[in-house]
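Heads up: the structure comes next, in structure tokens.
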4 protein chains.
Amino acid sequence: MKRIQILKAGLKLFVIHGLHAVTIAQVAAEAKVGIGTVYRYFKSKEDIVQQIWILQKSEESLYIFKNYKAVGSIRTQFNFLWERVISYFLEHPLEFQFSYQFAASPVLTKDIHEVAMKDFLKFDELFEAGIKEHLFKPLTSRHLRLFTFSTINGWILWAIDEKMTIDREVIDMFIEMSWDAISI
Amino acid sequence: MKRIQILKAGLKLFVIHGLHAVTIAQVAAEAKVGIGTVYRYFKSKEDIVQQIWILQKSEESLYIFKNYKAVGSIRTQFNFLWERVISYFLEHPLEFQFSYQFAASPVLTKDIHEVAMKDFLKFDELFEAGIKEHLFKPLTSRHLRLFTFSTINGWILWAIDEKMTIDREVIDMFIEMSWDAISI
Amino acid sequence: MKRIQILKAGLKLFVIHGLHAVTIAQVAAEAKVGIGTVYRYFKSKEDIVQQIWILQKSEESLYIFKNYKAVGSIRTQFNFLWERVISYFLEHPLEFQFSYQFAASPVLTKDIHEVAMKDFLKFDELFEAGIKEHLFKPLTSRHLRLFTFSTINGWILWAIDEKMTIDREVIDMFIEMSWDAISI
Amino acid sequence: MKRIQILKAGLKLFVIHGLHAVTIAQVAAEAKVGIGTVYRYFKSKEDIVQQIWILQKSEESLYIFKNYKAVGSIRTQFNFLWERVISYFLEHPLEFQFSYQFAASPVLTKDIHEVAMKDFLKFDELFEAGIKEHLFKPLTSRHLRLFTFSTINGWILWAIDEKMTIDREVIDMFIEMSWDAISI
DNA sequence: CATGAATGAGTGTTCATTCAT
DNA sequence: CATGAATGAACACTCATTCAT
């Protein structure tokens, strides 16, 4: 409960002002808890960032894979999942910016990334199936996943930046861009 | 001279340890100048980061557009420029990581980005020409540029991360992926 | 019961780590009681130290004066009592170290010392008798007591420090040293 | 210069209020330097205490052994040195109390003690010579030194405590007490 | 009577910035 | 123009103390 409050407060403030410009006192105030309480749940400022990352990726995957069944054509599943990814980030711009800013940050170790990413391995299974059907360019499933996530990041970044109204048509076009990039 | 030393030292340390974990004293030591000297050239830590960004983008564009002539087919020019971008970052992994980490950082204001990006507007001209020839999906030239840069960033990130040996063939395939994504 | 547990736990931890390096939470854990319980019995950290001191001196005097009768020659009584003091501390090294470290600590007020020391005034009576018999150098009984306690402390400190095996002979010699110092 | 100021300030405040009741800010203020300056010279609060101890023992030995020549009878040398020790502490009550309070403190490691005590090994040489002449009870020179220092500590403690006026006669008597204790 | 989660004042420590040399 | 010792505001973090359960 308080743990989640703190993580949500941290996410918001770190995104807006940057890690080095946010004090623990500010995080505590935003989370409406005492400073000491922050340290009851987290052992340091870096720990907070790492736990935000893990929580974030967990919520992300929960949203994305809700109602997902690995049935139907590869393309259908691809459309379904990427539509979910896009929807999630468009509905959660703060969370998206956190993901973008901290993806390459030195405070996130390999271990943290590994833990946080484990739910996303289902994407690899999808790509694996596509590779078997010779639908994709000759890359590993891991690289296909990373590439498509990259394209999505860049695209959402500008969508949020310019406060565009995103309609179905645009989303569909974007998914097509991703598909066209990796398919033969 | 000393100015450049300081910027190079800062870039290296910020990438490796993160902005908040690097002190001005460390930057001064790495640059082999006194702390006071840092303040003769830059008015604050944030100023250093901003100036690194500007210098970085300037060197990047110099490398990319060297020998570039806006002649030949759109595809030929596209291939030429993206090959240069990829080559630059593969040869300068530290600079790449700096670009990646700070692209969405709150310390870089819109003004700084505008100044730093002005040399890259040539890309927009190329995309503009492509749009006129109806080669691309219905997006603005700016969005086409942002999208392709984003895909390239994601790709180089794992190329560096996994210490892959990147040969011509792989680069060519990647450029094709980018092209396929945006072309009709 | 719990009161004593807390005092014993505090004594042990304060001796090993030093007053400033021990938290109430650690004392509570060592005593196997809750933090709140500590505050039910003591009003502050300083209070704990003071109560340890008082308990300690009380247990010490109980041990020392057990079976003591103020009869026989001064020398006989002197030997008896100092042998008891030495035995007590050799059997209770932790308690000794606490006594040594906190004897001159600013957290122990004059009042506390007065309360804690009242059982030891029997020593003064012995010295008083010795003074009357002209056995001692021209000092007050109080000074004779302080002096002999001081010598004993120094001696036990290294005995414990060097984990010497202390036999009767050594103890006898040491008591003789103390006696020789103050006697005419 | 500033280093010494800080150590002197620390000694004074630690003795009066106790280690845990003195803040670095107070030490800095007493030393008339900035807080940051304290950390330019010392890496932590504990380091300050340790360096005070070392400086203290160094100044002590300098005072004691000034003009000392290892000639004349053992007794003459003994008298000379112990008179110096007593004089030093009577003239420097604050320094004495520091010595007394921190002698058994856990912040002073074996290493620190070893470094600090090396100048006092000259005492051991004197005792060694006395042992050869069969003047002393059967103890090692090291133990003779520790014992006599203990006696002195106890004695000075009360002398300072009661603000006695100490004249030659009293000092001479005390030296005699120490001598009587260890001599056969 | 017992507990330990919650608190925030207070502390040690850091580090961007200044300025005398 | 270069330096780095000096500074103290500001921070991360601790821990004695409280109080609802």
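The basis for the numbers below is simple: all heavy atoms, side chains too, and nothing from hydrogens, waters or symmetry mates. Note on naming: letters A, B, ... go to the chains in the order of the sequence lines (proteins, then strands), and numbering restarts at 1 for each one.
Taking the six-membered ring for Trp and thresholds of 30 and 60 degrees, D:Tyr100 and C:Tyr100 have nearly parallel ring planes, at less than 30 degrees apart.
Donor-acceptor pairing under 3.5 Å is lacking for the side chains of A:Ser61 and A:Lys118. A donor-acceptor contact closer than 3.5 angstrom links the side chains of A:Tyr63 and A:Glu91.
You'll find the side chain of B:Val38 stays beyond 4.5 Å of the side chain of B:Lys2, heavy atoms only.
With the nearest nucleotide of DNA chain E identified for both B:Ile24 and D:Val22, D:Val22 has the one nearer the 5' end.
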Mind listing the N/O atom pairs, protein and nucleotides 6-8 of chain E, below 3.5 Å?
residue, atom, partner, partner atom, Å
E:dA6, OP2, A:Tyr41, OH, 2.8
E:dT7, OP2, A:Gly34, N, 3.1
E:dT7, OP2, A:Thr37, OG1, 2.4
E:dG8, N7, A:Gly36, N, 2.9
E:dG8, O6, A:Gly36, N, 3.4

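No engagement by A:Val27 is indicated, since no non-hydrogen atom pair under 4.0 Å with the nucleic acid exists.
OP1 or OP2 of F:dT17 lies within a sub-4.0 Å distance of a side-chain N or O belonging to C:Tyr39.
Across every strand in view, E:dT11 sits in a pair with F:dA12 that passes the Watson-Crick or G-U test at under 3.5 angstrom. E:dT21 and F:dA2 make up a base pair, with Watson-Crick or G-U wobble contacts both under 3.5 Å.
Ring-centre distance between B:His92 and B:Tyr88: below the 6.0 Å cut-off.
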Legend entry - Intermediate values then yes/no, salt bridge (Lys or Arg N to Asp or Glu O under 4.0 Å), D:Lys57 and D:Glu95: CA-CA 9 Å; D:Lys57 290 300 143 187; D:Glu95 281 76 4; over 6 Å; no
